[in-house]
Visitor: 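Sharing a structure below in structure tokens format, with a few things to ask.
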Amino acid sequence: MMKIKVNENYSCLKESYLFSEIGKKVRAYQEAHPDKKVIRLGIGDVTLPLAPVVVEAMEKAAREMGVKETFRGYPPEYGYDFLREAISAYYKRNGVTVPAGDIFVSDGAKSDVGNIVDILGKNTVLIPSPVYPVYMDSNLMNGNRIELLEAGESDGFLGTPDLLDGETYVIYICSPNNPTGAVYDRAGLKAWVDYALESGSLIIFDSAYEAFIQGDYPHSIYDIEGAEKCAIEICSFSKMSGFTGTRCAWCVVPASLETEGGYSLKKMWSRRQATKFNGVSYPVQRGAEAALTEEGIRECAALVEYYMENAKIIADTLRRVGVWFTGGVSSPYIWLKCPKGMSSWEFFDYLLENAQIVGTPGEGFGEAGEGYFRLTSFGSRENTIEATARLEALLKSGV
Ligand code: MLT
């Protein structure tokens with residue numbers, strides 16, 4: 001028997017990560033019912049192929065890697081300048097200034113969300129509920145004190161700092177929110193930035209779904225004055241450009257983020273990445289760069305539009321069967337209230353057993369998600385139509 005010590009904080013975690021748990025249940029169901037066609041509208045994984053301009057850039061880059069004169073070894077750990085510049089220019093399109101030097105390219109928003117805790121000490125962390133479970137899990141792993149900011153139907157799933165008493169927090173904000181699709185307007189985000197500046201807090205802003213925003217809402221926390229003094233932003237090519245399998249994202253850590261004691265978060269993040277990360281491959285970064293050209297943005301917007309049409313199909317079905325829902329407008333997710341007073345895992349089993357549809361139980365996004373359920377619009381059109389037809393028939397059958 002080994003005598004080493006382990007990170008006992010892991011015992012505070014649930015047995016499995018939410019989407020692993022769902023995967024396990026679905027595999028078990030499929031093994032027991034090999035003849036049934038299961039439709040997966042659970043994890044938010046894209047199904048459309050990469051945009052042509054992205055594929056072309058990646059092919060070209062892969063060929064360069066096969067030629068002595070253009071071959072490249074280790075990529076810079078913070079990302080190639082060409083991609084950092086392209087991301088900075090992408091912000092500029094929305095009138096937001098983010099210097100290329102403050103942008104750190106990575107292999108995913110999930111990695112950045114999970115890793116950022118490395119440079120932070122023992123703070124109290126404020127996490128919205130319901131929200132993407134990685135915020136909670138990575139802070140549990142670090143043994144941090146966690147407070148939940150519960151949001152619900154009455155506040156449009158948009159928590160505010162109104163009832164906070166000025167305590168210093170690390171505050172997580174996800175807008176558009178995963179799973180509810182709720183989006184902060186400028187006044188809503190400004191309230192958070194003002195709170196952070198006054199209380200000496202740090203905001204970790206997850207904008208992974210910004211490409212889905214419809215209407216005049218901020219796409220970045222840096223749209224708000226003063227955010228560069230209190231916020232880190234994490235964004236990803238996964239959902240905006242279909243990179244879930246290709247892997248590329250970025251994290252903005254402004255040079256102006258300084259803590260008492262003279263610590264620069266940018267310097268610390270640079271140091272952390274240089275030590276623990278070896279960058280994203282050259283062909284992938286060229287593909288990401290291509291996704292941010294005019295042509296790339298147009299082609300990727302067509303992918304987003306396709307998914308939003310799926311969202312509309314799901315939303316129309318729910319309206320017909322009289323199920324309350326929100327989201328599906330500035331977000332690829334539909335957040336619905338479980339019918340017949342079912343708990344979210346009961347509804348998960350009910351849908352899988354009776355209609356062979358996989359969704360995500362709201363409880364997996366935090367206690368405030370109990371009684372709700374998330375469906376993703378990232379499926380194929382064909383599967384979305386089939387799944388909604390099954391859902392409608394099931395809910396109308398009264399089973
Ligand atoms: C989700 O389904 O919430 C996301 O796809 C998970 C992720 O982005 O890691």
Side-chain angles (χ1 to χ4, degrees), residues 13-14 16-26 38-48 106-117 127-141 157 172-183 204-212 233-251 280 288 300 303-304 307-308 310-311 314 326-328 330-336 344-345 348 351 357-366 368-369 372-380 383-384 387:
L13 298 168
K14 287 184 184 162
S16 299
Y17 176 58
L18 173 62
F19 295 106
S20 315
E21 179 69 21
I22 291 171
K24 230 190 290 171
K25 279 181 176 261
V26 175
V38 172
I39 300 181
R40 290 174 169 75
L41 301 182
I43 190 164
D45 196 2
V46 296
T47 50
L48 288 177
S106 78
D107 67 340
K110 186 187 198 178
S111 315
D112 287 338
V113 167
N115 293 332
I116 202 78
V117 291
I127 299 183
S129 178
V131 87
Y132 184 42
V134 179
Y135 311 156
M136 172 68 98
D137 282 3
S138 48
N139 279 287
L140 285 173
M141 287 172 180
F157 290 97
Y172 285 80
I173 299 178
C174 183
S175 179
N177 176 281
N178 175 12
T180 66
V183 199
I204 297 179
F205 187 75
D206 182 346
S207 58
Y209 296 92
E210 63 79 26
F212 291 80
E233 179 162 302
I234 293 171
C235 195
S236 165
F237 290 91
S238 282
K239 312 292 157 68
M240 68 190 267
S241 315
F243 271 49
T244 55
T246 308
R247 314 303 310 145
C248 197
W250 73 87
C251 179
V280 174
C300 292
L303 307 180
V304 168
Y307 296 129
M308 294 317 290
N310 284 350
I314 301 172
T326 185
S330 286
S331 153
Y333 300 124
I334 302 274
W335 181 246
L336 60 98
S344 56
W345 280 104
F348 174 89
L351 268 193
I357 299 167
V358 182
T360 308
E363 188 269 344
F365 298 98
Y372 295 89
F373 199 76
R374 193 192 78 176
L375 290 173
T376 168
S377 66
F378 283 125
S380 67
N383 277 349
T384 305

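Predicted, not measured: the structure shown is a model, and the values here were computed from it. Every number for a ligand or one of its atoms is a count from 1 in the order of the listing.
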Visitor: Looking only at N/O atoms, are Tyr17 and ligand 1 under 3.5 Å apart anywhere?
Guide: no

Visitor: So, is Lys239 polar-close to ligand 1, with some N/O to N/O distance under 3.5 Å?
Guide: yes

Visitor: Around atom 6 (C) of ligand 1, find the nearest protein heavy atom and jot down its residue, atom name and distance.
Guide: Tyr132 CE1, 3.7 Å

Visitor: With under 30° as parallel and over 60° as perpendicular, where do the rings of Phe212 and Tyr209 fit, or are they tilted in between?
Guide: tilted

Visitor: Would you call the rings of Phe373 and Phe348 parallel, tilted or perpendicular, taking 30° and 60° as the class edges?
Guide: tilted

Visitor: Is it the side chain, the backbone, both or neither of Asn178 that has a heavy atom closer than 4.0 Å to ligand 1?
Guide: side chain

Visitor: May I ask you to decide if Met308's main-chain N or O and Ser377's side chain share a donor-acceptor pair within less than 3.5 Å?
Guide: no

Visitor: Considering all heavy atoms of both residues, which atom of Pro130 and which atom of Thr180 are nearest to each other, and what is their separation?
Guide: CG-CG2, 3.7 Å

Visitor: Below 3.5 Å, N or O to N or O, backbone or side chain included: is there any such pair between Gly42 and ligand 1?
Guide: no

Visitor: Hey, is Tyr333 touching ligand 1 through its side chain, its backbone, both or neither, going by heavy atoms under 4.0 Å?
Guide: side chain

Visitor: Given 3.5 Å as the limit, does a donor-acceptor pair link the side chain of Ser106 with the main chain of Gly108, or not?
Guide: yes

Visitor: Indicate yes or no: does an N/O atom of Arg374 lie under 3.5 Å from an N/O atom of ligand 1?
Guide: yes

Visitor: Parallel, tilted or perpendicular: which describes the rings of Tyr372 and Trp335, with under 30° parallel and over 60° perpendicular?
Guide: parallel

